[in-house]
Trainee: 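A single structure is presented below for examination.
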Amino acid sequence: MSKFYLTTAIAYTNAKPHLGHALEFVFADIIARYYRAKGTDTYFLTGTDEHGSKIYKTAKEAGRDTQEFVDDVVQHFYKLAKDLNLTNDDFVRTSSDLHKRGAQKIWNKLVEADDIYLNSYSGLYCSGCEAFLSEKDLVDGKCTNHMVAPELLTEENYFFRLSKYSDKIKDLIKSGELKVYPDVRKNEMLAFLNEGLQDVSFSRPKNILPWGINVPNDDSQVMYVWCDALTNYLTALGYADGDTKVAKYWPCDLHIIGKDILRFHAGVWIGMLLSAGLPLPKAIGVHGFVTSEGKKMSKSLGNVVDPLDLLATSPVDAVRFYLAREIPTGDDGDFSKERFNIVYSSDLANNFGNLASRVVSMVHKYFNGVVPTITEFKFEPEFADCFKTYCSEIENFDIKKGIESVLHFMTLLNQYVEETKPWALAKEAKTAELALVMGNLVEGVKRVTYLMAPYVPNATLELAKILQIDLGLNFEAGFKSVVAEKTLGEITPLFPRLEI
RNA sequence: CGCGGGGUAGAGCAGUGGCAGCUCGUCAGGCUCAUAACCUGAAGGUCAUAGGUUCGAAUCCUAUCCCCGCAACCA
């Protein structure tokens with residue numbers, strides 16, 4: 001059986017989840033559910049990134065122990081995953097022992113490859129911020145938070161010889177051996193690689209940053225947070241202990257990330273794997289950011305959408321569907337209350353929900369709920385097209401286009417109802433004709449239910465009960481499963497109107 | 001001349017040489033199985049601007065204007 005291993009980026013636990021986390025979670029979950037429904041042995045990993053100076057600082061400012069602080073924050077991410085109905089197989093935390101040992105094992109591999117060396121790093125250090133600042137953080141040469149000029153500080157760091165792999169990485173992306181979706185991100189990365197990658201500082205002195213994973217054989221240094229974080233994709237599979245999951249699922253088939261961290265994944269991470277002599281991931285899917293009511297979310301504008309609040313007041317399927325359907329998968333998108341309601345009403349309630357509702361009702365009305373037998377599905381060719389598009393779009397990391405093909409197919413079924421007018425056939429007692437129409441409609445709704453399932457798992461589960469179909473079946477088996485002669489359950493609206 | 005992406009109907013987008021499309025919204029009509037849902041039709045675009053190549057350009061070339069992302073060691 002083929003396998004598919006996919007990951008989200010691990011969320012940074014310096015603050016509660018925002019809508020962008022929900023977006024990434026939903027994208028990943030839809031893809032995971034899709035591959036499972038294709039009959040692929042799928043492993044879906046998500047988790048949290050818990051080291052780094054920012055977390056250390058945030059915890060310190062809150063007067064908290066760092067571990068306790070992240071233990072608290074991670075609860076919000078657990079809750080988000082649960083509330084979004086995620087089917088992740090594991091949730092990795094970088095403060096876990098398994099991860100730490102795995103990260104150290106990889107570090108040693110890099111050392112063995114002679115890609116780690118000691119050097120000095122100089123930067124502009126603000127003692128108020130307890131962090132190095134870059135030029136763009138400064139106004140008039142001063143730190144904007146503390147209004148003092150940072151001092152030039154030099155510290156001893158281990159460096160990773162990333163420059164060595166620059167050309168190799170460029171070739172991999174250029175040739176498509178490592179896919180980067182969408183093209184605009186691929187081009188951006190290639191352009192960046194044209195400049196050539198620099199070696200990167202891979203550790204921090206412990207006296208400045210005590211919160212991190214110890215560098216093996218040097219008690220005075222901890223790993224730079226990215227060095228540790230990136231390895232989670234491997235360590236979570238049990239890399240430290242030579243777990244069989246590594247053999248089974250590595251290399252990763254798809255890393256889903258935000259556009260802000262493309263370089264770390266398509267650059268640093270690939271370099272690390274090359275250095276360690278490990279197989280490389282197949283693809284990186286890059287999504288954009290979500291704005292709110294047309295503007296970047298900010299506290300001062302008061303337009304911040306808290307995904308946990310949203311899920312507390314709206315059905316999870318509505319949230320999942322909005323993110324998947326309305327936000328272009330590889331691009332930025334907007335969240336607005338107005339669009340949220342429109343998308344829910346027109347696509348879910350009016351198109352899908354109402355289609356199911358009218359079809360099931362008519363089977364009850366005209367055939368006492370017993371689905372008539374048909375010998376051949378009238379829309380087999382149209383459905384084949386729809387399914388083909390659905391698959392290829394999702395596999396090429398376009399979740400929005402994937403579902404659009406299904407929505408079009410639903411429209412086709414709605415049109416068929418209008419053309420055949422079952423109510424008129426019933427009145428004229430054209431039973432054979434009516435049976436044919438209804439049989440085809442139920443078959444159509446059944447197919448659609450399978451395709452909608454990764455996007456709106458709750459509603460489709462409910463509909464599956466009414467249709468008496470098994471959503472646990474993979475697509476092929478599900479499409480072939482027989483609904484004829486079954487007695488349908490009673491239907492209530494799958495997507496009741498939202499309270500505005 | 002830093003690199004890259006983009007400017008197409010009220011909104012969001014598709015469309016890389018051959019009569020300008022999709023979804024939502026708007027307006028009109030039809031239907032009554034259905035969640036005031038569904039179906040049909042209409043209005044609405046000088047495809048950023050100017051020039052060029054071509055039998056033919058939203059699509060290729062040149063210039064200009066505007067918007068956005070990136071310019072890495074905070075994640």
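All chains are named by letter (A, B, ...) in the order of the sequence lines, taking the proteins before the strands, and each is independently numbered beginning at 1.
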Trainee: Using a strict threshold of under 4.0 Å (side-chain N to carboxylate O), is an ion pair present between A:D228 and A:K100?
Mentor: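 No, this pair does not count.
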
Trainee: Tell me whether A:D331 is salt-bridged to A:K259, with the criterion being a basic N under 4.0 Å from an acidic carboxylate O.
Mentor: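 Between A:K259 and A:D331 there is no salt bridge, as every charged N stays at least 4.0 Å from the carboxylate O atoms.
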
Trainee: Under 4.0 angstrom, heavy atoms only, what part of the nucleic acid is A:A349 near: base, sugar-phosphate, or nothing?
Mentor: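 Since a base atom lies under 4.0 Å of A:A349, the category is base.
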
Trainee: Taking only the side-chain heavy atoms of A:N414 (C-beta and beyond), determine which of B:A71, B:G69, B:C39 contains the nearest atom.
Mentor: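 Between B:A71, B:G69, B:C39, the one nearest the side chain of A:N414 would be B:C39.
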
Trainee: Within this structure, what is the CG-to-C1' distance between A:L230 and B:A72, rounded to whole angstrom?
Mentor: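 After rounding, the reported distance stands at 13 Å.
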
Trainee: Can you tell which of B:C3, B:C38, B:C39 lies closest to the side chain of A:R358?
Mentor: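 Side chain of A:R358 sits closest to B:C38.
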
Trainee: Taking atom C1' of B:A72 as reference, at what distance in whole Å does atom CG of A:N194 sit?
Mentor: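 It is 16 Å, rounded to the nearest whole Å.
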
Trainee: Quick one: stems involving RNA chain B, counted as three or more successive Watson-Crick or G-U pairs, both distances short of 3.5 Å.
Mentor: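 RNA chain B forms these stems: B:2-7 with B:65-70, B:10-13 with B:21-24, B:26-30 with B:38-42, B:48-52 with B:60-64.
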
Trainee: With C1' as the reference atom in both, quote the distance from B:U59 to B:A48 in angstrom, rounded to an integer.
Mentor: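 It works out to 15 Å between them.
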
Trainee: So what does A:D49 hit on the nucleic acid, given a heavy-atom distance under 4.0 Å: a base, only sugar-phosphate, or nothing?
Mentor: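 Sugar-phosphate, backbone atoms only, no base.
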
Trainee: Can you confirm whether the side chains of A:D398 and A:Y181 place a donor and an acceptor under 3.5 Å from each other?
Mentor: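 Judged by distance alone, the side chains do not pair up.
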
Trainee: Check nucleotides 23-30 of chain B for protein N or O atoms closer than 3.5 Å to its own N or O atoms and list the pairs.
Mentor:
residue	atom	partner	partner atom	Å
B:U23	O2'	A:R325	NH2	3.1
B:C24	O2'	A:R339	NH1	3.2

Trainee: Output the residues of residues 489-496 of chain A in contact with RNA chain B, where contact means a heavy atom of the residue under 4.0 Å from an atom of the strand; sort by number or write none.
Mentor: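 Under 4.0 Å from RNA chain B: A:P493, A:L494, A:F495.
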
Trainee: Please figure out whether A:E188 or A:F202 has its closest RNA chain B nucleotide nearer the 5' end.
Mentor: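 So the residue in question is A:E188.
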
Trainee: Looking at every strand, decide which applies to A:K54 at a 4.0 Å heavy-atom threshold: base, sugar-phosphate, or nothing.
Mentor: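 Base, at least one base atom sits under 4.0 Å.
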
Trainee: Counting heavy atoms from C-beta on, name the nucleotide in B:A14, B:C70, B:C73 closest to the side chain of A:V200.
Mentor: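 So the side chain of A:V200 is nearest to B:C73.
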
Trainee: Who passes ring-ring contact (aromatic ring centres under 6.0 Å, His included) against A:Y158, sequence neighbours left out?
Mentor: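 A:Y158 satisfies ring-ring contact (aromatic ring centres under 6.0 Å, His included) with A:W107 once adjacent residues are dropped.
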
Trainee: Check this for me: does any side-chain nitrogen of one of A:K401 and A:E404 sit under 4.0 Å from a carboxylate oxygen of the other?
Mentor: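 Here A:K401 does not pair with A:E404 in a salt bridge, since their nearest N and O are not under 4.0 Å apart.
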
Trainee: Provide, to the nearest angstrom, the distance between the CG atom belonging to A:L162 and the C1' atom belonging to B:C73.
Mentor: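 From A:L162 CG to B:C73 C1': 11 Å.
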
Trainee: Of A:V417 and A:W226, whose nearest nucleotide on RNA chain B comes first from the 5' end?
Mentor: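 With A:V417 and A:W226 compared, the 5'-side residue is A:V417.
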
Trainee: Nearest 0.5 Å, please: how far is CZ in A:R161 from CG in A:L197?
Mentor: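 Going from the CG atom of A:L197 to the CZ atom of A:R161 covers 14.5 Å.
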
Trainee: When you measure from the side-chain N and O atoms of A:K57 to the phosphate of B:A75, is any distance below 4.0 Å, counting only OP1 and OP2?
Mentor: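 For B:A75, OP1/OP2 do not have a side-chain N/O of A:K57 under 4.0 Å.
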
Trainee: Determine the contact category for A:Q198: base if any of its heavy atoms lies under 4.0 Å from a base atom, sugar-phosphate if only primed atoms, P, OP1 or OP2 are that close, otherwise nothing.
Mentor: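 Base, at least one base heavy atom under 4.0 Å.
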
Trainee: Hey, is the side chain of A:Y344 poking within less than 4.0 Å of OP1 or OP2 on B:U35, counting only N and O atoms?
Mentor: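 For B:U35, OP1/OP2 do not have a side-chain N/O of A:Y344 under 4.0 Å.
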
Trainee: Taking only the P atom of each, what is the distance from B:A58 to B:C74 in whole angstrom?
Mentor: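 One P to the other, the span is 48 Å.
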
Trainee: Side chain of A:Y366 only, please: which of B:A37, B:C33, B:A14 is the nearest?
Mentor: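 Of all the options, the side chain of A:Y366 is nearest to B:C33.
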
Trainee: When you compare the side chains of A:D218 and A:S220, does any donor N or O come within less than 3.5 Å of an acceptor on the partner?
Mentor: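 Side chains of A:D218 and A:S220: pair found under 3.5 Å.
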
Trainee: Measuring from the side chain of A:N187 (C-beta onward, heavy atoms only), which nucleotide among B:U35, B:C74, B:G5 has the closest atom?
Mentor: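 It is B:G5.
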
Trainee: With respect to the side chain of A:F192, which nucleotide from B:A75, B:A72, B:U35 is positioned closest?
Mentor: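 Closest nucleotide among those given: B:A72.
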
Trainee: Taking the P atom in each of B:C68 and B:C1, what is the distance between them to the nearest angstrom?
Mentor: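 It works out to 25 Å between them.
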
Trainee: Using a distance-only criterion (donor-acceptor N/O pair, under 3.5 Å, no hydrogens), is the base of B:A34 paired with the side chain of A:N354?
Mentor: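 Side chain to base: pair found, below 3.5 Å.
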
Trainee: Mind running ring pair (Phe, Tyr, Trp, His ring centres under 6.0 Å) on A:Y78 and A:F91 for me, showing each step along the way?
Mentor: CA-CA 8 Å; A:Y78 284 148; A:F91 190 107; 4.6 Å; yes

Trainee: Nearest whole angstrom, please: distance from the P of B:A75 to the NZ of A:K259.
Mentor: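 Between P of B:A75 and NZ of A:K259: 20 Å.
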
Trainee: Strictly below 4.0 Å, N to O, side chains only: are A:R325 and A:D347 in salt-bridge contact?
Mentor: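 Salt bridge flag = yes for A:D347 with A:R325.
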
Trainee: A:F340 and A:F335: aromatic ring centres closer than 6.0 Å?
Mentor: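 Yes, ring centres under 6.0 Å apart.
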
Trainee: With P as the reference atom in both, quote the distance from B:G5 to B:G25 in angstrom, rounded to an integer.
Mentor: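 B:G5 and B:G25 have their P atoms separated by 34 Å.
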
Trainee: Rounded to the nearest Å, what distance is computed from the CG atom of residue A:L209 to the C1' atom of nucleotide B:C74?
Mentor: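 Distance, rounded to whole Å: 11 Å.
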
Trainee: So, A:T235 versus A:H99: side-chain donor-acceptor pair below 3.5 Å or not?
Mentor: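 Per modelled atom types, A:T235 and A:H99 side chains form a pair under 3.5 Å.
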
Trainee: How many whole angstroms separate atom OH of A:Y224 from atom P of B:C74?
Mentor: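 The distance from OH of A:Y224 to P of B:C74 comes to 6 Å, rounded to the nearest Å.
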
Trainee: Using a 4.0 Å heavy-atom cut-off across all strands, classify A:G353 as base, sugar-phosphate, or nothing.
Mentor: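 Since a base atom lies under 4.0 Å of A:G353, the category is base.
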
Trainee: Rounding to an integer number of Å, can you tell me how far A:M410 CE sits from B:C38 C1'?
Mentor: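 One finds 14 Å between C1' of B:C38 and CE of A:M410, rounded.
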
Trainee: Would you kindly give the NZ-to-C1' distance between A:K430 and B:C33, to the nearest whole Å?
Mentor: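 From A:K430 NZ to B:C33 C1': 17 Å.
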
Trainee: Distance check, C1' atoms only: B:C3 and B:G18, in whole angstrom units.
Mentor: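 Pairwise C1' distance, B:C3 against B:G18, rounds to 35 Å.
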
Trainee: Please report the distance separating the P of B:C13 from the corresponding atom of B:U8, rounded so that it comes out in whole Å.
Mentor: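 Taking atom P in both B:C13 and B:U8, they lie 9 Å apart.
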
Trainee: I want to check one thing: is the phosphate of B:C38, taken as OP1 and OP2, less than 4.0 Å away from some side-chain N or O of A:N350?
Mentor: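 True: A:N350 side-chain N/O within range (under 4.0 Å) of B:C38 OP1/OP2.
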
Trainee: Output yes when A:E418 and A:R358 qualify as a salt bridge under the 4.0 Å nitrogen-oxygen rule, no when they do not.
Mentor: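 The answer is yes: the pair qualifies as a salt bridge.
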
Trainee: What interatomic distance, in whole Å, is found between C1' of B:G4 and the corresponding atom of B:A9?
Mentor: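 The answer is 29 Å between these two C1' atoms.
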
Trainee: Anything under 3.5 Å between a donor and an acceptor, one on a side chain of residues 262-271 of chain A, the other on a protein residue two or more places apart or in another chain? List them.
Mentor:
residue	atom	partner	partner atom	Å
A:H265	ND1	A:I261	O	3.0
A:H265	NE2	A:Y233	OH	2.6
A:W269	NE1	A:H255	NE2	3.1

Trainee: Would you list the atom pairs, donor with acceptor, under 3.5 Å between side chains in residues 13-21 of chain A and any protein atom, with sequence neighbours excluded?
Mentor:
residue	atom	partner	partner atom	Å
A:T13	OG1	A:D49	O	3.3
A:H18	ND1	A:G20	N	3.0
A:H21	ND1	A:H18	N	3.0

Trainee: Does a salt bridge link A:E188 with A:R185, judged by any charged N lying under 4.0 Å from a carboxylate O?
Mentor: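 Yes, charged N to carboxylate O under 4.0 Å.
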
Trainee: Which nucleotide wins on minimum distance to the side chain of A:K401, given the candidates B:A14, B:A75, B:A37?
Mentor: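 So the side chain of A:K401 is nearest to B:A14.
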
Trainee: With rounding to the closest Å, how many angstrom separate the P atoms on B:G10 and B:U54?
Mentor: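 Between the two P atoms, the distance is 35 Å.
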
